Each structure stands twice: as C-alpha cells, then as structure tokens.
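Since this is a predicted model, take the numbers as computed values, not measurements. Proteins come first, then strands; the chains are lettered A, B, ... in the order of their sequence lines, and each starts at number 1.
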4 protein chains.
Amino acid sequence: MPREVRTRQMLDAAVEVFARCGYRTASMDEIAELAGASKPLVYLYLNSKEELFSACVRREAEALIAAVRSAVDPGAPADRRLWNGLRAFFAHTAAHPDGWALLHCQARTYGEPFALEVARLRQQLVDVVTDLIARTAREGAEQECALPEREIAGLAHALVGAAESLAGWADSRSCEAAGRTGAPPSEQEAAGTLMNLAWAGLGNLMNGRRWAPARS
Amino acid sequence: MPREVRTRQMLDAAVEVFARCGYRTASMDEIAELAGASKPLVYLYLNSKEELFSACVRREAEALIAAVRSAVDPGAPADRRLWNGLRAFFAHTAAHPDGWALLHCQARTYGEPFALEVARLRQQLVDVVTDLIARTAREGAEQECALPEREIAGLAHALVGAAESLAGWADSRSCEAAGRTGAPPSEQEAAGTLMNLAWAGLGNLMNGRRWAPARS
Amino acid sequence: MPREVRTRQMLDAAVEVFARCGYRTASMDEIAELAGASKPLVYLYLNSKEELFSACVRREAEALIAAVRSAVDPGAPADRRLWNGLRAFFAHTAAHPDGWALLHCQARTYGEPFALEVARLRQQLVDVVTDLIARTAREGAEQECALPEREIAGLAHALVGAAESLAGWADSRSCEAAGRTGAPPSEQEAAGTLMNLAWAGLGNLMNGRRWAPARS
Amino acid sequence: MPREVRTRQMLDAAVEVFARCGYRTASMDEIAELAGASKPLVYLYLNSKEELFSACVRREAEALIAAVRSAVDPGAPADRRLWNGLRAFFAHTAAHPDGWALLHCQARTYGEPFALEVARLRQQLVDVVTDLIARTAREGAEQECALPEREIAGLAHALVGAAESLAGWADSRSCEAAGRTGAPPSEQEAAGTLMNLAWAGLGNLMNGRRWAPARS
DNA sequence: AATGAATGAGATTTCATTCAT
DNA sequence: AATGAATGAAATCTCATTCAT
C-alpha cells in the first residue's frame, strides 16, 4: 500500500480518536489499530504523537478555512458573501464533526506544545471573518460612517465565537451531554440566526444606532 | 489546620494547575505540592483526581453563574439587566482567569467521565442567558411579535459563544499565542460590543426586520 | 525500609547488572528486580538510567581511589609508597570485580553522555599515580637528574594501563573468555611484576640509561 | 556495484558508527545510510548486527596484528624488533582511530555474545608481544637466567595494557573528555616511553635486580 | 491531622529484522 | 543486485493511588 494512502488513513484515524478522547487520553495503540497499521509504521510516517496531532489540526483547520473561503464568491454582494460564508462554516463543521471537535474542544489547552499553532489557526479564521465584515460594512454603509478597526475585530471575534457555539449546539454529542431535548438546529437555522444577528448589529452600528447605558 | 481551609487551598492549587496544564497533564504531585500538603491528604479529602477536577469545575462554574445572577437586578428594565449580566460575566472571567480557562478550555473534552457534568454546567449558563433574552424580548416588544422559543435558544447559544470568545480575546495568554498585537479589549468594550450586537439583533427580530437571502 | 538503605541496595544491584551487561543492554527491570524493589522506586530515588549509571561509576571510582590513597602512608619511603599503592589497587579491583568491570570495560564508550565524567575519573587515578612517581623520582634520584614532567605523565599513563591490564588478567571472567589456562595471578604477583617494571624503568631513566634506537 | 566493494563500504561505515556510538547504541539504519545502501542489502551481505560487529572487530584486529607482525623483521636484533613492533602499534592505532576505538573501548563488554571472540583477538595481540619479549629475553640474557613463562606473560599483559593506555592518551578524543591540556604525545614519544620501560624492566629482571619489599 | 515509602499499569518510542517485488 | 513497506518485542519512564505509621 502506497505511503500516501496509509498516511491519510492514519490521519483519519487520529482525528477520530483525538476528537473522542483528547490529546493525552488518546493512545497511539488505539490510533494505530483503527488505522489498520502497526504502531511503528505510524511513527515512521508521522514521527511522534505531537507531530501527529499537529498534522491533524493543520489538516482540519485548512480544510475548514478552505471551505469557507471557497464558498465566498468575490463578485457577490456583501451580505450574500457573509451569508454564504456562514452556511459553508456550518455545513463543514456539521459534515466533519470530529475535525470540528478537534479544533474547537481539544486543541485549546494552553500548556500543550501545539497550543501556539492552534491559536494561530483560529486567528486565521477570525481574519477571514474580519475581512468579510469589513467589506460588508464598507459596501453596505448607507452613509459615511466607518467603523473603527478595533470594533470590527471585536465583532469578528464575537461572530466566530457565536458560530462555534452554534456549531457545538448542533452537535448531537453535546446535546446528549447537556441533557437538552428537541432536534438540534439545522445548518440553515444556525446560519440564519447568526446572519440576522450580524446584519442587524452591523446595520445599527453603521447608522449610529448604538445602545448605551442610561445615565444612572 | 482545619479541614475546610485545607480543602480550599487544595482546590485553589488544583484550579491553577489544571488551568495551566489540562486535566491529563496535570499531576497530583504538582497539585499537592502547590497546595502545601502531602498527596495522601489530598486523596483523603478529595478522593481522586476525577473528583478533584469535578469539584474545581463545579466551584468555578457556580461562582461564575452566581456572579452573573447577582448582577442582574430583577427590578431593572430589560436592557439594563442584560447589560449588567454581560458586564458581570466579563468582569468575573477577567478576575478569575484560571477558573475561566478551566471552564472554557480544559473542560470540553468529550470522553472524560466528567464531560457530562461540565456540559450541564455550561447549559446552566445558557439557561441564564436564555431567561435574560426571553424577558428582554417580552418586555421590549414594540408590538405583539413573540419570538419562537427555538430562536431565543439559538440567540442565547450565540451570545454565550460570543461572550466566551470575547473573554478569550481579552485573555493575554491567547493573545500571545495567536501573535496578536494591540491591547486586549477592556471589559467595558467587550460588554459594549456584545450588547450592541444583542440589542440590535433582538430589536430587528422583534420588529420583523429579518435578513433573508435574495431569491436566486 | 529507610531510603538510604534502599538506595545502597539499588546501587549494588545496578553495579552488578551494568558490569554484566553493559549500559545499554542492562535493563531497569532487571536492576529493580535484583534490588528487590519496584521500578518506579528506582526512578524515584535515582531519576534515570543515566543518573543511576553515573552514580554507580562515581561510587566505584571514588572507592577505588580512596583505597589507593589510604594505602599510601605519606611518611613511608618512596618505593614503599608505590608498592603499597599498587597492592591496594590490585586488592581493591580483585575484591570488587564488578565495580572494576564497570570502570574499565563499560564506562569507556565515547558518545554516551557520561563518557566525559568517566574520563575525568580515570584522569584522577592517573593523577594519583603521577604524584607517586614524581615523588619516587625526586626522592630516589641518585643524582641530580630531574625527569621532565611530560615523561612522568607518560609513565603514569603506562603504569595505569599496565595495572588495568593486569587486573583484567586476574579477572577470571576474561580468562575464560580468552581461553587462557593456568591460575590467574595473585595480587602479590601482579603488583610485583608492575613494581619491578616501574622501579627498573624509573631507575634507568633517572640515571640516564636510556634505550635509543641504533643509528641505521 | 560488485559485492566485494559494497561489503567493504558497509564495514567501513559500520566501524565508524560502532566506534562513535558503541554496539548497542549504533543503529542499523545509520550504518546502512552511511554505507549508501539499503538496510535489506546490509542484511543480505552481513546477516545480522552481531555478525556485522564481529566482522568489524575481526577486520580491525587482524589489520592491527598484521601491522605489528609485518613491522618485526625476524632477522633483526631483539631490541630492534621490540622497538619496531611498538612503533608499528602506535602508528597503526593513530592511523585508524575508529578501528582502535572499536577494539579498545567498544569491544570489551562481557555479556554480549561476541565477547568471547573479542577476548580471543586481544589474546592474540598479547601472544605476539609475549613472543617478542620471550625472544628478547632469550637473546638478551647476559647470563643464564631464564625468566619463568608466567613472569613473561605478566610482562606481556602489562606491556599491552601500557601500550593501550598510551594509545588512548594520544587519542585527542579522550584528551578533550578528560580535560587534559597540552599536545598529546607523538608515536615516537609513546613508543620511546614504553621501550624504556620494557627494556629496563627486562634488563633488571634478567639480571636478577629485582625490587623486593623490605622486611617489615 | 498527616505522611514517607511503595507500586501496578500503561504511556511513548526505538530497533533489528523480514517480505514482496 | 536492490528496496519500500511493514512489524514484534522490548526499552525507558510516568502517574494515580494506597499502606503503615
């Protein structure tokens, strides 16, 4: 069996096991077995547990970012682009729950040696969203009312977080765990909720309709 | 030294170590040492690593929820209540970064035996927010336009996720890791961004100003 | 069982196993078993295989050097001092064949991380011998004929090597291995052979009776 | 590439790696890579790590013994023969430091399966020297004073050991390790030191000028 | 109330070695 | 003549956990 194929199998297995168990709890034995190969072969091709995990994270993150990017038609109007990006995000995370779990749940531990890399990848996602928002704001501005960069960054972080949370909501595993009932939301629903939030927020902000605490 | 005091010391130490290293990587040796007690004593008081971790999560989650709840004056107007809740959330997470790291970063692993409990605690937080939103919506509705429960739940999830993300943004550790520059946002800023988002979104939804994809 | 006693047992076992198998071949399992303790305890007390080996080498080297040093009566005449030193050397190596094997056979591999330390310890032995020779030469000089330092160092190296070789000769294990027959030499014999060599060599050198190649 | 050439390349590589790392630490991967061949080929030609090591030791030992033997002109006078043998020994070990390291440092481990063979090869070297000394003694005896065989064997062992030690002294690697300073001795110097020692020792012994401990 | 001493079980990783081609 | 692919076995080391005091 050619090396490339084997490597992919191993990554697939590793993503699944890491998503299920977490980095430390996952054992190389289990990964190797699931990949249908022997442990030494896993080491031969992927060097160490750490590198294997890194490779998984990188692959999944790149796939997610690529999915979002390619869904965004550069010629479309601003709102359409944001909408498509969101739908692609929810579609991809729903289609690849293990990869998503890896990125969202497992890869955040500070103190692990790959934390830095993971943080950078998440930042990439935020950057993509920041671009989307900035263009949306620019094109959609009814009047000359540029949002400060800092505010846009905040919005992007908030949106990414909201999207992550909604994606998690849609994940049946977390449903069971939390004891929630009722069907999880569809991608359309999740994207819709978020789109409305973003659209309304952007609109208000751009038009100066801010909420401010009443003087006490 | 009385048992209560010792126990608190142990939990403090455990939260710090768990936050820094994660559940699996943290070692009971380190925790015991940091707590200034011997390992057998830790076991005598807290039974096992798992129970110790659970106790940490429970304590920190309850503290966070209590902080948010107590900041919400039941007699205040709807927007004020949401605003105060958000500020309390950001204030608390900023004041207790280890506890927050525990809840946000470490405690998400599916597959660990305490995952269930952790998910339930997060659900409590979502429930608090859901209540806030529901009441805000009810009171703030300019016209009779009840939002469906399902949509409110979605909003709550989105808001909690956005808040988490903004709280993470404000955490200097993740800043360094992601290579971001510029000062992290203050609690006021974070709360403001989120409040605007929520307020605008709620307002639009309640008034039927929804964004919908153009027919293609 | 108190820590000190256990530690000594472990070192004893380690010296035996390392001497028998060499550093790499020896297994911590075997050492722990021979020491009558569990492996984790060995690690708790001695940290790592490398440190364990270092500790063995240090202990044995110090014991050997101490044995030689304490046998040398500072008030005795020069030849007597050398003689006593040699006898002590052969007596000690014969009495502690494992320790000797460790120093002589196992601890020389360049490339191992402890090679440096071992080389330094051997140098100590050479230094002791150099002192002995230097004083012998000074006191025993029939006429004013100081040997150059460099020559003395050479002699010391040669003597130490010769002693090592004779000590190895006396070791029954190497006898079997080499297929030699006949009883191995006693300490007295070995010391005598070496003493004569050293004494004659020194005498000749000091009196200028050197061997030089005939002009060809 | 013909088999013979390849085999030599492999042995060259193996000697280098074994000398650098020791038998156990050396890896077949490294040897194969350095030899520029694939691992299965190494196994095809040399069967196993053990046989490979044996082959290396045999080759190097035979080369050393041959060098010494061929330097000894059977017709020359006794002292001249010893002198030439010694010079050849130091010249060869200096010219082939890896081979020498293999014989002197790596190949002494009792407990490895080739220990027996290695010991026999060293014994051959001792035998060569024993012959040299025996003939020297016979020819050089000023009076009828045959040295007992046992004493000659002792001398031979001592001389070989001394030579080994001096050769080691001359090896720059051990110099660095021991922290010694000053230029290492040349072959001439080493051979001279040893020749004087041997010559004087032999002379004294044959003439009955022995050192004996004073009655106490 | 508190601990020094001790361990069973399991983790990652390495390596000599062999097929199938 | 030569090799890419693959592995069984064993190494070092760690850790949560428990006695005996």
Show the distances under 3.5 angstrom between N or O atoms of the protein and N or O atoms of nucleotides 18-21 of chain E.
none

The reported gap from CG in A/Leu46 to CZ in A/Phe53 (rounded to nearest 0.5 angstrom) is 13.5 Å
When rounded to whole Å, the CZ to P distance for the pair C/Arg24 and E/dC15 reads 8 Å
One should read off an interatomic distance between A/Asp98 CG and A/Cys105 SG, to the nearest 0.5 angstrom, of 10.5 Å
Picking from F/dT17, E/dT3, E/dT7, the nucleotide nearest the side-chain atoms of B/Ser48 would be F/dT17
Can I get a per-line list of side-chain donor-acceptor pairs under 3.5 Å for residues 3-14 of chain D, giving both atom names and the distance, sequence neighbours left out?
unit_1	atom_1	unit_2	atom_2	d
D/Thr7	OG1	D/Arg3	O	2.8
D/Asp12	OD1	D/Arg59	NH1	3.2
D/Asp12	OD1	D/Arg59	NH2	2.7

Ranking B/Arg3 and A/Ala26 by the position along DNA chain E of their nearest nucleotide, the one closer to 5' is B/Arg3
Closest to the 5' end of DNA chain F, once D/Leu44 and A/Gly36 are matched to their nearest nucleotides, is D/Leu44
Residues C/Val15 and C/Gly99: closest non-hydrogen pair is CG1-N, 3.8 Å
Side-chain heavy-atom pair B/Tyr23, A/Arg24 within 4.5 angstrom cut-off: no
For DNA chain F, the dot-bracket notation using Watson-Crick and G-U wobble pairs below 3.5 Å, [ ] for pseudoknot-type crossings and | for other-strand pairs, is .||||||||||||||||||||
side-chain contact (heavy atoms from CB on, under 4.5 Å) filter on B/Val118, not counting sequence neighbours, yields B/Val57, B/Ala107, B/Phe114
Among F/dA2, F/dT17, E/dT3, the one nearest any side-chain atom of B/Ser38 is E/dT3
To the nearest angstrom, the CD-P distance between B/Glu50 and F/dT17 comes to 8 Å
Under a 4.0 Å heavy-atom cutoff, the residues of residues 27-34 of chain A touching DNA chain E are A/Ser27, A/Met28, A/Asp29
Atom CG of A/Leu41 and atom P of E/dT14 are separated, to the nearest Å, by 14 Å
Rounded to whole Å, CZ of B/Phe18 lies from C1' of F/dA16 at a distance of 11 Å
Check: Mind checking whether B/Arg122 and B/Leu103 have side chains closer than 4.5 Å, heavy atoms only?
Finding: no
Sorted by chain and number, sequence neighbours left out, side-chain hydrogen bond (donor to acceptor under 3.5 Å, both in side chains) with B/Glu51 holds for B/Asn47
Interatomic distance, CH2@D/Trp100 vs CG@D/Leu64, rounded to 0.5 Å, equals 6.5 Å
Closest heavy-atom pair, A/Ala19 versus A/Leu102, reported as atoms and distance to 0.1 Å, is N-CD1, 3.9 Å
B/His96 meets the side-chain contact (heavy atoms from CB on, under 4.5 Å) criterion, sequence neighbours left out, with B/His92
So side-chain hydrogen bond (donor to acceptor under 3.5 Å, both in side chains) across residues 30-40 of chain B, not counting sequence neighbours, yields B/Arg20-B/Glu30, B/Asp29-B/Lys39
* Are C/Phe18 and C/Lys49 side-chain neighbours, meaning at least one heavy-atom pair lies under 4.5 Å? -> yes
Residues of residues 6-15 of chain D with a heavy atom under 4.0 Å from any atom of DNA chain F, listed by number, are D/Arg6
